[in-house]
Structure formats: C-alpha cells, structure tokens
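In the text below, chain A, chain B and the rest are named by the order of the sequence lines, each starting its count at 1.
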Amino acid sequence: MYTQALNTAETDDRGLEDAVRAAQFQARIDAEERIEPNDWMPAAYRKTLTRQISQHAHSEIVGMLPEGNWITRAPTLRRKAALLAKVQDECGHGLYLYAAAETLGSSREELVDAMLAGKAKYSSIFNYPTLTWADIGTIGWLVDGAAIMNQIPLCRCSYGPYARAMIRVCKEESFHQRQGYEIMLTLCRGSDEQKAMAQDALNRWWWPVLMMFGPPDATSQHSDTSTKWKIKRFSNDELRQKFVDATVPQAQYLGLTIPDPGMTQDADGHWRYSEIDWTEFKQVLAGNGPCNRDRMAARRKAHDDGAWVREAAAAYAAKRAQRQTAQAAE
Amino acid sequence: MPTANIQVSETPLVLYALRRADDALILGHRLSEWCGHAPMLEEDMALSNIALDLIGQARELYSYAAKAEGGNNDEDKLAYLRDVRQYRNLLLVEQPNGDFAQTLVRQFFYSAFADLYWRAMMTSRDTTLAAIAAKSEKESAYHLRHASEWIIRLGDGTDESHARAQRAIDHLWAFTGEMFAVDDGERALIHAGIAIDPGTLRGRWLTTLSDVISEATLRLPENDWMQQGGRAGRHSEHLGHLLSELQSMQRTFPGQTW
C-alpha cells in the first residue's frame, strides 16, 4: 500500500493534536471503540504501534530462519510438509503485519530497511539456534505457546487493523502450538535417545522463552501508555505467570523436567519460578546472542541477492504500464 | 541393519509411480530450500506453496508405489532409505537452485510438461493414478502460470535479469529431453492404457515454451544434445548431497518413530 493513499500527513499531527482531540481519542479508547487508519490519533500512539507491529512482523520473518533450518532435514514426509506449511504461515503473518503497519503510514520497504540496518528489533528468541529435531517441537510448544499468550489479548487491541490481524494469526499459532506439542509427545513416547533429545531441547529453550514476555513489570519502559491506550491489556509478569501455570502440567504430562529446581507451587496453585537471568536477556538484545549475526546476515543476503529480481519486476511493470498507455492513446 | 537401503521390487507399475514420486519430492525439496531466503516475501510464500503441492504429490505416489509393490515399504522408507543409485527422478529436478532465474526456468520447463502430463493422465485406466492426476493437474496449472509470469518478467525486465534468464535456459535445456523418453516397461504400461506416451506431449510443450519465451524476449537453444540417466539412477553429483541432507535423521536414528 502506498502511504499517500492514507490521511496520515504529518501536518495533521502537528496542527491538530490539541487537548480536545486527545481527550476525544482517549474517550473512544475507554469506550472500547476501535481506532481505524483514517481516524485522528496522537503521534505517539501511531509511533508506538508502528514500532510494535513492525517488530512483530520482523519477528515472524526472522523466525522463519531457525525453523527453516530443519525443513530439508525433517525426519518424515509428513513432518516435512507440516513444517514447511508452518514456516510459510509465519511468512504470511509477517505479510499481514507489514500491511497493518503500513496503514499507519510507513511502507514495508522502510520498515524492512530499518530492520536490515539493525535499527529495528525482532524477538530475541530467534537468536537461539535449532540444534536438533526436538527444537522444532519445542519451538512449536513453547515459543508459539508464549506468542499466543502475548497475542490473544492483542485481538482486542484498540487499533483495528492490528486487532483483526491478530485474530487470524492466533488461530494459526494455536494450530502450530498443538503441532509442536505433538512432536514432543512423539519424542517422549519414543526411544531413550529421543526422550533425551526432548529434555535437552526443553533445557535450552525454557529460560529464553520466559524472557519472551519482556522485562519484569518494575523495569518495563512502554507498559504505562500502552495500557492506557489499550494496546496492552496485561503486564509482562502477568502473562509470564499465566504461561508458566499453563505449561508446567503439559511438561509433566510429557514426563519432562522443567530446568528450574527452585520451582514451587503456591497455595493458589500458581507455579513460582526462580529468578530469570536478565543479564543474558540484555546481552542477546544487545546483539550478542548465539545467532544474532547469522540471522541478520541471512536476511541481508536474501535481500541483497534478491535485489535484481525486484528490480526486474519493477522494470517489467513499468514497461507494461507504458505499453498500455501507448495502446490506449492509439 | 535398519540403516541399510531398502530393496524395491521394481515392477513396471512400481517403477512408474516411483519415478514420478521422485520427481515431485526432489523438486519440492529444492524449492523448500528457498523458504526464508527468497527475493521477496510473496515468493517465499509461492515457492513454499509449490513445494508443498509437490511433496503432497510425492507422498501419494510413494504410497501407491508401496501398495503396488505389496511388501513392507511405505512412503517414508521409499523416500528416506534409498540411495542415489535407487532414485529415479529426472536430472532436471535435482539441479541446484542457482539464482532465482535458474530456479524459475527449471520450474517452467518441468511445470510446462507436468501440466500436460497430468491432464493426459486423468484418463489412465489405473484409477489411483487417474485420481492423483486430477489433483496434480490443477496444481501444475497454477505452477506453470506462476513460472511463466516470472520468465516474462525476468526476460523483459532489466538487462541483468534478461541475461540471467537466458543463461538459465541455456544451462538447463539439455535436461529436458529425459521428460519425453520411454523404456520398455513404460511402453507396456502405455499399451495397457495405464500410462500415457509422453512423446505425444512434446509438440504442445514446445509451443508453450516458445510462446512464453518469445514474449519474454528470450530464445530457446538450438543445440539438441540431451543428458539422460536419471530414470535409471545415473544422476548428477548434486543428488547425493541433497539425499544426505534429506535422509540425515532416518540414517542417524534408524528405525524410530517421529
């Protein structure tokens, strides 16, 4: 979508962002109305959403890489087809999300360029490597499981295009989550070697997955305004706790041990986890995770290697348009 | 030893199904290598989609080959436990992806054939093959449209894309003859109305090619030397590497359920 098509000129924000409009905007949010692309919105709301939606889109696209790493090695034809379809779904999510972000006035190209330049973030979880087939099961079970916890409340996000994209994304993610769990179940019912592979994957992914919910509430930068604007409806720690409570019984059913010897269940039934190593989180965020450089290199290579193809498509489209104009003039 | 290659009794019908299954699997595998690395997200989606169709075709054809064989083989044993000399696919489909032009020209040559082939196979007296053909024909028609549009865009795009597309055509041309070859076993199946004679499709295949390639301002090569051997398990060096990746899990952890 071309950004000119939408009523998002900067002058709008500059000239008209007054107290009255801001109050009307907040009243609409409080009344649970959806904000649509052509509606007036505060510049900061637009900026926050553009950042969040585009980061989400980048995560889907970078997230294709760790799982894509196993498409050519999936152990059966059924698993191969399912994994390929899954990674293709992630790409589709990326496309919807870029489209949702474009309704806020930034083009896909600009957003992608920011990511390739290292200026925009994507989910840190994809900076960990997929070493064995059990990692594919674990990503589906835990990474997609955590994503669902984060995304279900987003289906009610105040921004209409994002909320609607999330409804479709969540349906597919929940299918992926069940598929991942089923891979784990098959491994856990298999040989000792397969079960050990499953446990090893859980050991490596557990803590990074808990970090997916973001920093603890006490230190989170964006939560306050996002909550006021109903972009965010639960805090990082609330969602993390929900996820842990849902996941512990699933691990028990698989016969796997969560790699947290200090974990206890309190009187209310909540599973209390040990302290998370936020130093690791910060390091990965700063670019020092095991795969940050590989992921960026892979995305940049695809972009650079594909440049001549995109140029050819654009050149052909221009020639064709020219021919059509010439024909119409005859 | 469970890691050993399986043996397949290649009756004419088993071999026939196996050859088409291998074509579909190997080409599907090649296309799946693009997933996450394509020039634009729309092509990540499209190439994965085509790969999924082909892997789906392969699964049906392997299952049918296993059933026709009547032993203990199944789709996964046929795919994962035969070595390079037991694979029966066309040399064309195992050729590496190369650049986007090479991938799309390979797809174009194959899909232009597959579209005609599956449509013709819908009249097979073998009801399973006819049913697989009915489904595959619809898929191949879309694959052909997608590839044709790209050949035209690349050929009539920029100087660079034109040169790359022409290079891919010149490089892959020698692998197209194999699609139309028939051996004695297949001749018997053709005679029985189970298979069709691919030689009868060559004229229309060439017309499709010429139409698209001339619209793309490209040209077909004049040399008519054709490489052969894939159908008999004499492959290029590329296939062994592809199989070592494809089969790595089944070879490393033999006999397990995944």
Greatest number of heavy atom pairs closer than 4.5 Å to chain B - which of [options]:
options	result
Ile71(A), Thr186(A), Leu84(A)	Leu84(A)
Trp308(A), Trp133(A), Tyr316(A)	Trp308(A)
Asp89(A), Leu65(A), Thr76(A), Val87(A)	Thr76(A)
Gln194(A), Arg73(A), Glu67(A), Glu193(A)	Gln194(A)
Gly306(A), Gly94(A), Cys91(A)	Cys91(A)
Glu311(A), Lys80(A), Arg320(A)	Lys80(A)

Both conditions, 6.0 Å and 45 degrees, for the charged tip of Arg19(B) above the ring of Tyr16(B): are they met here? no

Salt bridge flag under 4.0 Å for residues [X] and [Y]:
X	Y	answer
Arg204(A)	Asp135(A)	yes
Arg88(B)	Asp22(B)	no
Glu182(A)	Arg178(A)	no
Glu75(B)	Arg78(A)	no
Asp304(A)	Arg300(A)	no
Arg79(A)	Asp76(B)	no

Part of [X] within contact of chain A (heavy atom distance under 4.5 Å):
X	value
Ala58(B)	neither
Ile152(B)	both
Thr257(B)	both
Phe100(B)	both

Can you confirm if the aromatic rings of Trp150(B) and Phe108(B) lie within a centre distance of less than 6.0 Å? no

Parallel, tilted or perpendicular for His146(B) and Tyr142(B), by the 30°/60° rule? tilted

Please assess His176(A) against Tyr181(A) for the test ring pair (Phe, Tyr, Trp, His ring centres under 6.0 Å), listing each intermediate value before the final yes or no. CA-CA 9 Å; His176(A) 298 163; Tyr181(A) 192 72; over 10 Å; no

Would you mind checking which part of [X] comes under 4.5 Å of any heavy atom in chain B, side chain (CB onward), backbone (N, CA, C, O), both or neither?
X	value
Met184(A)	neither
Leu187(A)	side chain
Ile183(A)	neither

Residues two or more places apart in sequence or in another chain: which of them pass salt bridge (Lys or Arg N to Asp or Glu O under 4.0 Å) with Arg310(A)? none

Walk me through it: do Phe175(B) and Leu90(B) pass the test side chain to side chain contact (heavy atoms under 4.5 Å, CB included)? CA-CA 8 Å; Phe175(B) 300 110; Leu90(B) 300 165; over 6 Å; no

Can you check whether anything in residues 33-50 of chain B gets within less than 4.5 Å of chain A, heavy-atom wise, and list it by number? Glu33(B), Cys35(B), Gly36(B), His37(B), Ala38(B), Pro39(B), Met40(B), Leu41(B), Glu42(B), Asp44(B), Met45(B), Ser48(B), Asn49(B)

